[in-house]
Amino acid sequence: MNTQSRPKIGVLLFSNNGLRKSGAGTPDGTYEERMKLPEAQVLTALGEFADTVSSGVVYTRPELDKAMDLFLEEKVDGVYVQYLSWAPDAFWIRFQRDMPVLPVFFASVVPEKIPFTNTFSANDSVAANTVRGLVGSLQASGSIARMDRPMTETALGTLDEVMEKAKPFFAAAHVRAKLKNAVVAHLARHHEVMWSTYVDGFSLFRYVGPEVKVMANATVRREMNAVPDEEVDAAVKDLRSKYAVMGDVTDDKLAASVRASIAVDRAAAAMGADYVVMNDLDNVMHRELGLRPGFLPCPGGHGIPATPEGDIGAGTAAYILRLLSGRPAQVVEPGYINPDTGLVDVGHGGPNDYTDSEAKVVIAKDTRLLNADVKYPGAAFAWQVLAPGVKTILHLSQAEGRFKMAFTIAEEQEVDFFHASFCHGRLKMLTGTAEEVFGKLMAFGTTQHYAIVSGDYRRELRALAQIMGFEYLEA
């Protein structure tokens, strides 16, 4: 299921108030009437990938104020700016000074054609003024450097070329807006043997956006006790209708895992969480819950996914990829490079989003806890082989207070299940040999955890890193 949402873009188009009524009585109408065509072209082009917010072409200070008020009222993710022709730069400079900081894409569009041969007639003189966007853009560009406003990108080209650059920019702006309002439920702490995965919640909130809320195992235990048997039965029935159940999975351990998953989902929803990061190797969890929950998102729940091993950076990377793609994202770690094939086996135990319709999924025993001193050893979970095809791989972690990103692409091979208890796959790196790619990543300094999703989202991640001010590596 694709759950991708569209960016919301404020559109700020400047034209010259002094020329507004020029051309009255000419065959092609007034300057203002002629501006309606490029305005409509821009709005139509942006509307292909975003929801647009516009109060019309800006000619005057009151119209600028109206546009800015509308952008704030609508909580746009970013603003697209274009000079349709030459116009004074005072309003643009005022916008840069007074508009709260948000991503701004400043475009200069090359006309499809020049609608005149010379400017000897009044009609053609007006026509010349309607295509003088370049001079307006160049004048306005002087203030971009002087104002030094963050998160501002410029582009020049045909309308199609500009939109090709605007689309990933605003996708990234949309992710930024979502991150600022996101909540991550941390169950229940960092994994204390992996210090490089630790993330400071204050820094995450300041530099990335999500608010961290701690979910206690005791809270989940109380929710487990409160889940009605009928709700568990309905979720089990739903899972059995979609996925094969391996023969050694017992009904009680399947039901227990589903009950725990429903409980985590309920607790996360009560916190307003968008995703859960679970330290699934926590002994306290094993003792309190008797297992590690194996079905998040849970049927009949709130659609909240979980990622493993307490790594908030990795969980946030998966959330970013889910926002960009609209598809389930997982967290894996590269295990080894096969010296004979050059392929990389990746995977991770614990919770991962198993709802990708193109992945191979069966309900199996969690053999990691098969011999553990827990109430439900070998409890059921969704065992997954990643969907084949091109994948984006993303790392996010804290670096001296701020955050850093690394990303690349690979091709998931068509393989059958081969790694017990892991969400797993086998990758062919696409930007170099495995040794080259992971050598770059190691030199950059990452942890072992990477989020992965179907599709190529490098352009969007490039734009996101630049908007967010992250140090980044495209390997």
Side-chain angles (χ1 to χ4, degrees), residues 186-194 215-229 231-240 242-268 276-299 301 305-311 330-333 335 347-354 360-385 417-424:
H186 198 198
L187 175 60
R189 56 181 178 173
H190 298 299
H191 189 8
E192 60 272 14
V193 303
M194 298 178 181
M215 183 188 299
N217 285 303
T219 300
V220 179
R221 180 71 259 177
R222 285 196 299 270
E223 289 290 350
M224 288 176 68
N225 294 338
V227 175
D229 292 342
E231 191 171 337
V232 175
D233 293 342
V236 169
K237 182 178 180 181
D238 185 274
L239 288 167
R240 285 184 176 276
K242 295 175 181 175
Y243 309 111
V245 181
M246 297 189 72
D248 58 353
V249 174
T250 62
D251 291 346
D252 63 326
K253 291 179 181 179
L254 172 56
S257 185
V258 167
R259 182 181 296 276
S261 301
I262 293 172
V264 172
D265 176 82
R266 282 184 169 190
V276 173
V277 173
M278 185 187 303
N279 181 5
D280 55 293
L281 298 181
D282 179 20
N283 289 330
V284 177
M285 170 186 288
H286 301 163
R287 184 179 67 244
E288 291 289 322
L289 310 187
L291 46 66
R292 53 182 183 181
F295 299 98
L296 288 158
C298 194
T307 54
E309 222 154 59
D311 188 343
Q330 298 79 32
V331 168
V332 297
E333 54 191 22
H348 213 293
N352 253 315
D353 192 337
Y354 59 94
K360 294 177 181 175
V361 179
V362 298
I363 297 174
K365 274 186 176 181
D366 183 358
T367 58
R368 178 68 181 265
L369 298 183
L370 186 59
N371 299 310
D373 184 19
V374 296
K375 185 175 182 180
Y376 301 102
F381 84 112
W383 190 22
Q384 175 179 188
V385 174
F417 293 90
F418 64 88
H419 201 313
S421 291
F422 269 39
C423 166
H424 60 289

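Index from 1, following the sequence.
Closest non-hydrogen pair, Val264 versus Met215, comes out as O-CE, 3.8 Å. Taking each heavy atom of Pro351 and Pro293 in turn, the nearest pair found is CB-O, 4.2 Å. Contact record, Cys423 with Val332: O-CG1, 4.2 Å, taken as the closest heavy-atom pair. Nearest approach of Lys365 to Gly378, heavy atoms of both residues: CG-O, 3.4 Å. Across every non-hydrogen atom of Ala263 and Glu223, the tightest pair is CB-CB, 3.6 Å.
Applying the side chain to side chain contact (heavy atoms under 4.5 Å, CB included) criterion to Val245, with sequence neighbours excluded, gives Arg240, Val249, Ile363. For Glu231, the side chain to side chain contact (heavy atoms under 4.5 Å, CB included) partners are Val227, Pro228, Ile262, Arg266, not counting sequence neighbours. With sequence neighbours left out, His191 forms a ring pair (Phe, Tyr, Trp, His ring centres under 6.0 Å) with no residue at all. Remark: Asp252 pairs with no residue by the salt bridge (Lys or Arg N to Asp or Glu O under 4.0 Å) rule, at least two apart or across chains. Partners of Phe422 under the ring pair (Phe, Tyr, Trp, His ring centres under 6.0 Å) rule, at least two apart in sequence or in another chain, are His419. When the side chain to side chain contact (heavy atoms under 4.5 Å, CB included) test is applied to Asn283, the partners found at least two apart in sequence or on another chain are His286.
Side-chain contact between Pro305 and Gln330 is absent, with no heavy atoms from C-beta onward closer than 4.5 Å. In this structure, the side chains of His424 and Phe417 come closer than 4.5 Å at one or more pairs of heavy atoms. Side-chain contact check for Asn371 versus Pro377: every heavy-atom pair is 4.5 Å or farther apart. Counting heavy atoms from C-beta outward, Lys242 and Pro299 have side chains that stay 4.5 Å or more apart. When side chains are defined from C-beta on, Leu291 does not count as touching Val374, because their heavy atoms never get closer than 4.5 Å. Phe295 is not listed as a side-chain neighbour of Asp265, based on a closest heavy-atom distance of 4.5 Å or more. Residues His348 and Thr307 have side chains not in contact (no heavy-atom distance under 4.5 Å, counting atoms from C-beta outward). Inter-residue side-chain proximity for Met278 and Leu296 is flagged as met; some heavy-atom pair is nearer than 4.5 Å.
For Arg368, the CZ atom counts as loosely surrounded, since its 6.0 Å shell holds 12 or fewer non-hydrogen atoms of other residues, nucleotides or ligands. The neighbour count for Asn225 CG, taken as heavy atoms of other residues, nucleotides or ligands under 6.0 Å away, is above 12.
To the nearest 0.5 Å, atoms CG (Leu239) and SG (Cys298) are separated by 6.5 Å. To the nearest 0.5 Å, atom OH of residue Tyr243 and atom CG of residue Asp238 are 8.0 Å apart. Atoms CE and CG, from Met194 and Leu281 in turn, are 7.0 Å apart once rounded to the nearest 0.5 Å.
Checking each of Arg189, His190, Arg287 against Asp282 for a side chain to side chain donor-acceptor pair (under 3.5 Å) leaves exactly one that passes, namely Arg189. The side-chain contact (heavy atoms from CB on, under 4.5 Å) test with Leu187 singles out one residue from Val277, Asn279, Asn217, Asp280, and that residue is Asn217.
Panel note: side chain Asn352, backbone Val331; a donor-acceptor pair is recorded below 3.5 Å. The backbone N or O of Pro297 lies less than 3.5 Å from a partner atom in the side chain of Tyr354, making a donor-acceptor pair. For Glu309 (side chain) and Gly349 (main-chain N/O), no donor-acceptor pair under 3.5 Å exists by modelled atom type. Judged by distance alone, with hydrogens and angles left aside, the side-chain atoms of Ser257 form no donor-acceptor pair with the main-chain N or O of Lys253 at under 3.5 Å.
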Before you tell me yes or no, could you show the steps for Glu288 and Val220 under side chain to side chain contact (heavy atoms under 4.5 Å, CB included), namely the whole-Å CA-CA distance, both residues' side-chain angles and the distance that decides it to 0.1 Å?
CA-CA 9 Å; Glu288 291 289 322; Val220 179; over 6 Å; no
Is there a side chain to side chain contact (heavy atoms under 4.5 Å, CB included) between Leu289 and Lys375? Walk through the geometry before answering.
CA-CA 8 Å; Leu289 310 187; Lys375 185 175 182 180; over 6 Å; no
